[in-house]
Amino acid sequence: MPRISLRNEILPEPNPSFFRKPFYFLCSSIKFGSIALPFLKKKEIHVISPHIASPGFTVELLSARDDEYNGVIIDPEGLPSSANAFASALCASLSNWKMKGKKGIWLEIPTELADLVPIAIQEGFKYHHAEPEYVMLTYWIPSEPCLLPASPSHQIGVTAFVINDKREVLVVKEKCPCSCSAMWKLPTGYIDKSEDIFSGAVREVKEETGIDTIFLEMVAFRHAHLVSFEKSDLLFVCLLKPLSSAIAIDAKEIQAAQWMGLDEFMGEAYFHEDHMWRKITEVCTAAFEDRYHGFTAQQLNSKLEGRLSYIYCEGSDIVLC
């Protein structure tokens, strides 16, 4: 019995009588909805209809595993590279999952197989999120509202208040075209993937100024919405203790850096207009002077999550009954 290969094999020219529909063509440079796929190659994909009528054909299902929520996660390493084989296997797999009462389907398509994305979109998959290595698509089978989690909605940043025993604050001028480039400000940046908040603050200070520090407290955080790409933004304010004093700036990101007296820093003109950053500096100063206590980091094991992670709380040495 002939079978449709799921590997890198060239299928023979099909007999049109085997299919309910004629050939259809998908262009990999198509823009679907409001999301463009610029990484797709500028070429046509010739895909035969996956709705096979002849009983002489057996279509293999996509390799997949069940998740904890009666859904399915498709194995990206098992995806056929052939557009024809993928279209047929995806159609057959969806029919199978619907008969089994499955709910959410997760389909990760590696960048090197990006030509398969338009095929999945035509079958009803929707974009979820993308990384440099892949694009994630989802398909919700039940008729009720989709319960799959939405794509990431927040970006996380850190700002570091580094103050020495002379009450001098480490400040920088960023090298960027925005209006803040002329201002002395606290070192600020985004944390990396899988990076802890306090580690990100220490790293940002080291990268921008060359100053070694240790984390003392998380004193506050700011929550804003509709920032970059209409995402929400969380900015965590960390109090750090300097371990060195010699400044060596990163010339790619920073124009200048210096130790500035706290009173001089608080006297900067923009502080009188920017109530948010004035409040942040006041809270950090209070924490430095031991008039305010923020959150310290404590690493604990979670049986529910099955891993070690950090909790930020006041008084990590408190014993709760």
Side-chain angles (χ1 to χ4, degrees), residues 129 131-132 149-164 169-172 174 176 180 184-244 247 249-250 252-254 257 265 274 276-318 320:
H129 69 274
E131 295 287 344
S151 61
S153 61
H154 285 67
Q155 56 190 15
I156 300 177
V158 289
T159 189
F161 188 83
V162 186
I163 185 168
N164 60 24
V169 182
L170 182 63
V171 294
V172 300
E174 293 186 347
C176 65
C180 67
W184 289 107
K185 58 188 290 291
L186 302 178
T188 303
Y190 290 112
I191 65 171
D192 292 336
K193 187 176 181 179
S194 301
E195 183 177 43
D196 291 304
I197 294 171
F198 68 89
S199 298
V202 170
R203 175 187 52 77
E204 279 291 337
V205 171
K206 178 66 174 178
E207 289 179 355
E208 292 186 358
T209 69
I211 299 296
D212 294 310
T213 61
I214 57 172
F215 170 79
L216 297 179
E217 299 178 9
M218 178 194 296
V219 298
F221 69 89
R222 187 268 291 135
H223 194 192
H225 304 289
L226 300 178
V227 189
S228 299
F229 303 103
E230 300 185 350
K231 298 295 184 181
S232 297
D233 185 278
L234 283 167
L235 180 70
F236 291 91
V237 184
C238 298
L239 176 65
L240 306 182
K241 178 181 179 179
L243 300 178
S244 60
I247 294 175
I249 67 170
D250 177 5
K252 297 189 298 294
E253 296 186 28
I254 304 299
F265 182 53
D274 196 317
M276 176 70 70
W277 282 98
R278 185 173 186 86
K279 185 66 175 181
I280 286 174
T281 305
E282 289 174 348
V283 173
C284 289
T285 302
F288 171 71
E289 296 174 347
D290 206 26
R291 295 184 287 109
Y292 170 88
H293 298 286
F295 292 162
T296 56
Q298 184 177 8
Q299 191 178 41
L300 298 171
N301 183 55
S302 170
K303 185 176 181 180
L304 180 63
E305 298 174 353
R307 70 187 68 188
L308 280 170
S309 57
Y310 282 94
I311 182 173
Y312 295 83
C313 59
E314 182 183 357
S316 60
D317 56 344
I318 295 177
L320 301 177

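None of the values given here were measured: they were computed from a predicted structure. These values consider heavy atoms only, across backbone and side chains, with no hydrogens, waters or symmetry-generated copies.
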May I ask you to test the [X]-[Y] pair for a side-chain heavy-atom distance under 4.5 Å?
{"X": "K241", "Y": "N164", "result": "no"}
{"X": "I214", "Y": "L243", "result": "yes"}
{"X": "L170", "Y": "F265", "result": "no"}
{"X": "V205", "Y": "L240", "result": "yes"}
{"X": "I211", "Y": "I247", "result": "yes"}
{"X": "D192", "Y": "R203", "result": "yes"}
{"X": "E230", "Y": "H225", "result": "no"}
{"X": "M218", "Y": "C313", "result": "no"}

Checking side-chain contact (heavy atoms from CB on, under 4.5 Å) between T188 and each of V172, V237, L235, V158, which is the one that passes?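 Among V172, V237, L235, V158, the one that satisfies the side-chain contact (heavy atoms from CB on, under 4.5 Å) with T188 is L235.
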Enter the distance from [X]:[atom1] to [Y]:[atom2] here, rounded to the nearest 0.5 Å.
{"X": "S232", "Y": "L226", "atom1": "OG", "atom2": "CG", "answer": "6.5 Å"}
{"X": "I311", "Y": "L300", "atom1": "CD1", "atom2": "CG", "answer": "6.5 Å"}
{"X": "L216", "Y": "T296", "atom1": "CG", "atom2": "OG1", "answer": "10.5 Å"}
{"X": "L186", "Y": "C284", "atom1": "CG", "atom2": "SG", "answer": "7.0 Å"}
{"X": "R222", "Y": "L234", "atom1": "CZ", "atom2": "CG", "answer": "8.0 Å"}

Given side chain to side chain contact (heavy atoms under 4.5 Å, CB included), test F215 with I197 step by step and report yes or no. CA-CA 10 Å; F215 170 79; I197 294 171; over 6 Å; no
Minimum heavy-atom distance between [X] and [Y], given as atom pair plus value:
{"X": "Y292", "Y": "V219", "value": "OH-O, 2.8 Å"}
{"X": "Y190", "Y": "S228", "value": "OH-OG, 4.2 Å"}
{"X": "P152", "Y": "K231", "value": "O-NZ, 2.8 Å"}
{"X": "T209", "Y": "A257", "value": "CG2-CB, 4.1 Å"}
{"X": "I254", "Y": "I249", "value": "O-CD1, 3.6 Å"}
{"X": "E217", "Y": "A287", "value": "OE1-CB, 3.9 Å"}

Within the supplied structure, the quantity of interest is the number of heavy atoms (other residues, nucleotides, ligands) at a distance under 6.0 Å from [X] [atom1]; does it exceed 12?
{"X": "F236", "atom1": "CZ", "result": "yes"}
{"X": "K279", "atom1": "NZ", "result": "no"}
{"X": "Q299", "atom1": "CD", "result": "yes"}

Pair Q155-V227, side chain to side chain contact (heavy atoms under 4.5 Å, CB included): steps then yes or no: CA-CA 9 Å; Q155 56 190 15; V227 189; 4.0 Å; yes
So E253 and E174, side chain to side chain contact (heavy atoms under 4.5 Å, CB included) or not? Walk me through it. CA-CA 6 Å; E253 296 186 28; E174 293 186 347; over 6 Å; no
Between Y310 and Q298, do the side chains contain a donor N or O and an acceptor N or O under 3.5 Å apart?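 Judged by distance alone, the side chains do not pair up.
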Before accepting this row, confirm whether a basic side-chain N of the pair E289/R291 lies closer than 4.0 Å to the acidic partner's carboxylate O.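 Salt bridge between E289 and R291, a charged N being under 4.0 Å from a carboxylate O: yes.
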Between Y312 and F295, is the ring centroid distance below 6.0 Å?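 Aromatic pair excluded; centres sit 6.0 Å or further apart.
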Within the distance-only criterion (no hydrogens, no angle test), does the side chain of [X] pair as donor or acceptor with the backbone N or O of [Y] below 3.5 angstrom?
{"X": "D274", "Y": "M276", "value": "yes"}
{"X": "S244", "Y": "D212", "value": "yes"}
{"X": "T285", "Y": "V283", "value": "no"}

Pair I163, L239 - check side chain to side chain contact (heavy atoms under 4.5 Å, CB included), show working. CA-CA 8 Å; I163 185 168; L239 176 65; 4.2 Å; yes
